[in-house]
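Counting starts at 1 for both ligands and their atoms, following the listed order. Values below: all heavy atoms of this structure, side chains included; hydrogens, waters and symmetry mates excluded. FYI, the numbering just counts along the sequence from 1.
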Amino acid sequence: MSPHVLILGGTTEARRLAAALAARPGIRITTSLAGRVSRPGALDGEVRVGGFGGPEGLAAWLREEGVDAVVDATHPFAATITANAAAATAAARVPLLVLRRPGWQPGPGDRWHPVPSLEAAAAALPALGPRVFLTTGRLGLAAFAGLTELRFLVRSVEPPEPPLPPHTHVLLARGPFTVADETALLREHRVDVLVTKDSGGAATSAKLTAARDLGLPVVVVRRPPLPEGVTALPDVPVLLARLDEVLARAR
Ligand code: NAP
C-alpha cells in the first residue's frame, strides 16, 4: 500500500511540500487546513478542512487513516496545533517532522524591539510613536484595543476580528509585497512604528527593509517555543530528504 503522509498546512511551505510529494508516484498525501481562510486556493493531493478535536481526535484520525508520517508545516505562531501534533504522534506512534521557515534576523541599521507576546507589543507602543502599522494578523487585536490615543493601520488577509482600537484603518491585502510598495505605504500613512510577528520568509519581509530604510522602529513578536524534544527542519528540500528516511524505515 502507498505510504500516507499527513501535512498540517496553512502556509506557503505546506503548499510547496504537497506539490513536491504529489510529483512522486506511490505516495498518498493529505493536507489538513484549519478552515480559517475562505478561499485557500488549490492544493495538490487530498485536502481535509477543520479541527480534529484536540490531540485525541488527531491521534484517532492518524490510526483510522493509516498515516505513516505527519509533517507539521503550520505557521510558526500556530502553537496549539503544533503541541497537539507532538502529543498525537507520540500517542499513535507515528513519526513527526516539523517544517519551519527560519525566523528573521536584524541587520545593521535595524531598530528592532523584540517582545514575547502581542500584549507586550501593545505595552511598548506608546513610547514609540502615535501612528502604528500593525501586521500581526487578524486575530489577537484585542491586545491593542485599549490604546485609544494611537492611530492604527491594520493589514490582514481577511477582515480583522473585533475588538479593535478605536482609531483603526483596515487594509485587506495578501503578500508578497515589494520594498517600494511598503515604503510608499509607510510614507503615505506617516507611520511611526511597525509591529510584526517573527513569521520569517520572503513574502512579507519587505516591510522590514522599508522600515529600516526610513529609520523606523519595529516591534517584533518572538515565536512561541516548539514542544520539548521537537526540532524543526528549515525548508522543503531538507524536509523531503528526512521524510524519505522516515518512510524507508516505516516500510
Ligand atoms: P492554533 O491556534 O495552533 O490551532 C487552534 C486549533 O485550530 C487547533 O487546536 C486545531 O483544532 C485547529 N487547527 C489549526 N491548524 C490546523 C490544521 N492545519 N488542520 C486542522 N486543524 C487545525 O492555529 P492558528 O494560529 O489559529 O492557525 C490556524 C491555521 O492558520 C494553521 O493551519 C496555520 O498554519 C495557519 N496560519 C496561522 C497564522 C498565525 O499567525 N497563527 C498565520 C498564517 C497561517 P483541533 O484542536 O480541533 O484539532
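- Close approach of ligand 1 to Ala79 (heavy-atom distance below 4.0 Å) involves ligand atoms 3 (O).
- Near Asn84, meaning under 4.0 Å from one of its heavy atoms, ligand 1 places the atoms 9 (O), 46 (O).
- Contact detail for Pro165 and Phe144: the closest heavy-atom pair is CG-O, 3.4 Å.
- The N/O atoms of Gly53, backbone and side chain alike, include one that comes under 3.5 Å of an N/O atom in ligand 1.
- Residue Arg223 comes nearest to Ser199 through the heavy atom pair NH2-O, 3.0 Å, listed as atom of the first residue, atom of the second, then distance.
- The protein heavy-atom contact nearest to atom 32 (O) of ligand 1 is Gly9 O, 2.8 Å.
- Between Thr11 and ligand 1, no N or O atom pair is found at a separation short of 3.5 Å.
- Nearest protein neighbour of atom 40 (O) of ligand 1, counting heavy atoms only, is Lys197 NZ, 2.9 Å.
- Checking atom 30 (O) of ligand 1 against the protein gives no heavy-atom contact under 4.0 Å.
- With a 6.0 Å cutoff to the six-membered ring centre and a 45° limit on the axis angle, Arg212 does not count as a cation-pi contact of Trp112.
- Of all heavy-atom pairs between Thr74 and Gly9, the closest is CG2-O, 3.6 Å.
- Every residue was checked against the side chain to side chain donor-acceptor pair (under 3.5 Å) condition with Ser156, not counting sequence neighbours, and none meets it.
- No donor-acceptor contact under 3.5 angstrom links the side chains of Arg28 and Ser2, judged on distance only.
- No donor-acceptor contact under 3.5 angstrom links the side chains of Thr204 and Arg174, judged on distance only.
- For a threshold of 3.5 Å applied to N or O pairs, the pair formed by Gly54 and ligand 1 contains at least one separation below that value.
- Among Thr31, Ile81, Thr74, Leu58, the residue whose heavy atom lies nearest to atom 10 (C) of ligand 1 is Ile81.
- Heavy-atom proximity to atom 42 (C) of ligand 1, evaluated over His75, Arg138, Arg48, is greatest for His75.
- Of the protein's heavy atoms, Phe52 N, 2.7 Å lies nearest to atom 48 (O) of ligand 1.
- Using a 4.0 Å cut-off to heavy atoms of Gly51, the atoms of ligand 1 that qualify are 11 (O), 21 (N), 45 (P), 47 (O), 48 (O).
- When every heavy atom of Val236 is checked against every heavy atom of Ala20, the shortest pair comes out as CG1-CB, 4.5 Å.
- Atom 4 (O) of ligand 1 has its nearest heavy-atom neighbour, among Asp72, Thr82, Thr80, Leu139, in Thr80.
- Of the protein's non-hydrogen atoms, the one nearest atom 20 (C) of ligand 1 is Ser32 OG, 3.1 Å.
- For residues 174-197, the ring-ring contact (aromatic ring centres under 6.0 Å, His included) pairs, not counting sequence neighbours, are His169-His189.
- The two residues Thr135 and Lys207 make their nearest non-hydrogen contact at OG1-NZ, 2.9 Å.
- Close contacts between ligand 1 and Gly10 involve ligand atoms 34 (O), 35 (C), 44 (C) [criterion: under 4.0 Å to a heavy atom].
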